[in-house]
Amino acid sequence: MLLPVTPENLVRAAEALRAGELVAFPTETVYGLGASALNVEAVASIFEAKGRPHFDPLIVHVADAGAASLYAQRFPPLAVALAEQFWPGPLTLVLPKRTRGGADVVIPDLVTAGLPTVALRVPAHPVALELLRLARVPVAAPSANRFGGVSPTTAQHVYEELGDQPAVILDAGPCTTGVESTVVSLVEPNKPTVLRLGGLPLEALSEAVGEISVARGVLDADEQNAQAQVGKLSPGMLDRHYAPRTPLHVIEAAGVWPPVEGARVGLLAFEPVSADVRERYAAVEVLSATGDLHEAAATLFAAMRRLDGANLTMIHAERVPDQGLGRAINDRLRRASTR
Ligand code: TXA
Ligand code: MG
């Protein structure tokens, strides 16, 4: 059920989480489909609702770094530094999982897909933080879409994807960041490694920690070996993902393609296009009127969904500048286009 954010509805959502029900909630990145991470049956219903394979582990959301440290075996100095600088925020830290100490601190294997690690995040959204505080349980939450599809950035998107499967969908309007969190592994405590590009730009990370490595296959996703490699590190990064139903092709610049006879081609453009280019396409979505990468990230998934609903033969998606949030945008475009 779609509910507006009120104090009563927040309490109701928190109680639903404590009772083992599913709650979809806003974060600054995308909407999440949450369940108590300590309740295996509730977590199982996340996988069921999404049609998500069990080898793909979930991120555990908590209200602060203190809570995060409960579920990790170690919280090394670099994790403390990153948490201090970027939490709450679009950063997920992968750390060795606590395996002893009782059912209230050991995150079940179903959440982590049997890995010896756990992914932890403190989202920067007042509604998410209030919900986590009220629920008093860690909340496992993937993006609230069907597996492989486009992540939801509004509560309406969640409803279109999952209907009434969540007991509550908290509606707090569109997400401001618009792409998922950046996932960083600290399994080697002094060698931070990026497993997924996302809402926290690489530049900000390397400014904070000096050199940061990027797992093979994250930057060059179409290379077979590299894909297998990153698949082992971060199972959810495999293959086609974030994809609309309409075939999507990444192009370097709009307008260089001759019109295709009988085809309805849509354009996902970074910046405004000329009338001449617009004419060639059956539908055009512009991500940012001013060529701003933050705005483009925030509007990306909603624009993809609109084009997907426009009865098109194919979508041309323009690559954006490969810097800041542009890297995450290009990553999502490339994965959306993998057949
Ligand atoms: O912004 C986000 O991260 C959103 C919001 C809701 O927080 N969540 C999200 O979750 O995008 P999901 O499940 O769609 O993506 C989680 C990613 C997957 O690629 C998964 O493989 C990876 O995180 N992941 C989770 N646990 C992991 C672990 N223990 N080791 C390596 N990768 C992990
Ligand atoms: Mg997802």
Side-chain angles (χ1 to χ4, degrees), residues 23-35 37 43 46-47 49-62 71-73 86-98 107-125 127-129 131-132 138-153 157-158 161-162 166 170 175-187 193-200 215 217-218 221 229-243 297 301 328 331-332 335-336:
V23 171
F25 62 96
T27 79
E28 80 281 29
T29 57
V30 300
Y31 274 72
L33 179 64
V43 172
I46 292 181
F47 284 93
K50 280 189 60 109
R52 178 167 172 135
H54 284 104
F55 63 74
D56 193 1
L58 307 178
I59 295 172
V60 175
H61 297 70
V62 288
Y71 308 109
Q73 192 69 43
F86 297 117
W87 277 355
L91 170 68
T92 294
L93 293 178
V94 174
L95 291 162
K97 179 171 106 167
R98 190 184 293 276
I107 299 293
D109 278 338
L110 183 60
V111 174
T112 58
L115 295 171
T117 57
V118 61
L120 296 160
R121 160 159 136 84
V122 180
H125 195 294
V127 172
L129 289 173
L131 179 66
L132 290 166
V139 172
S143 50
N145 52 282
R146 298 278 307 163
F147 179 71
V150 179
S151 293
T153 52
H157 295 162
V158 178
E161 294 270 337
L162 301 172
L170 283 173
C175 302
T176 51
T177 300
V179 290
E180 300 83 350
S181 61
T182 301
V183 180
V184 174
S185 170
L186 281 173
V187 170
T193 305
V194 174
L195 301 182
R196 177 174 72 181
L197 300 168
L200 183 66
V218 171
Q229 193 64 33
V230 75
K232 272 183 246 139
L233 291 172
S234 186
M237 289 309 286
L238 272 174
D239 302 337
R240 182 172 158 81
H241 225 105
Y242 312 103
F301 288 148
D331 173 79
R332 301 307 185 265
R335 288 177 204 282

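Just so we're clear, the structure is a prediction, and the values are computed from it rather than from any experiment. First listed ligand is number 1; within each ligand, the first listed atom is number 1.
Side-chain contact between P96 and P116: absent, with no pair of heavy atoms (C-beta onward) separated by less than 4.5 Å. Residues R146 and K50 form no side-chain contact, since every pair of their non-hydrogen atoms from C-beta on lies 4.5 Å or further apart.
If you take CG on L162 and CG on N145, they are separated by 7.5 Å, rounding to the nearest 0.5 Å.
Using a 4.0 Å heavy-atom cutoff, R52 is listed among the residues neighbouring ligand 1. T112 does not count as a contact of ligand 1, since none of its heavy atoms falls under 4.0 Å from the ligand.
Counting only N and O atoms by type, the side chains of S151 and R332 include no donor and acceptor under 3.5 Å apart. For the residue pair T29/S181, the side-chain donor-acceptor check at 3.5 Å is not satisfied.
Shown in contact with L195 at under 4.0 Å from a heavy atom are these atoms of ligand 1, numbered in order with element: 31 (C). Counting the atoms of ligand 1 from 1 in the order shown, those under 4.0 Å from a heavy atom of P142 are 10 (O), 12 (P), 13 (O). Against a heavy-atom cut-off of under 4.0 Å, L115 is close to the following atoms of ligand 1: 28 (C), 29 (N), 30 (N).
Looking at ligand 1, you won't find any N or O of T92 less than 3.5 Å from one of its N or O atoms. Of the N or O atoms in S143, one or more lie within a sub-3.5 Å distance of an N or O in ligand 1. The shortest N or O to N or O distance between H61 and ligand 1 is under 3.5 Å. When only interatomic distances are considered, the shortest N/O to N/O separation between D56 and ligand 1 falls below 3.5 Å. Taking any N or O of T29, backbone or side chain, at least one lies under 3.5 Å from an N or O belonging to ligand 1.
Here K97 has no heavy atoms under 4.0 Å from ligand 1, in either its backbone or its side chain.
Among the atoms of S143, an N, O or S atom falls under 2.8 Å from the Mg ion (ligand 2).
For atom 3 (O) of ligand 1, the nearest non-hydrogen atom from the set S181, A24, P152 comes from S181. Of the candidates T117, I46, L33, it is T117 that places a heavy atom closest to atom 28 (C) of ligand 1.
Aromatic ring pairs are classed by plane angle as parallel below 30°, tilted from 30° to 60° and perpendicular above 60°; the pair F301 and Y242 is parallel.
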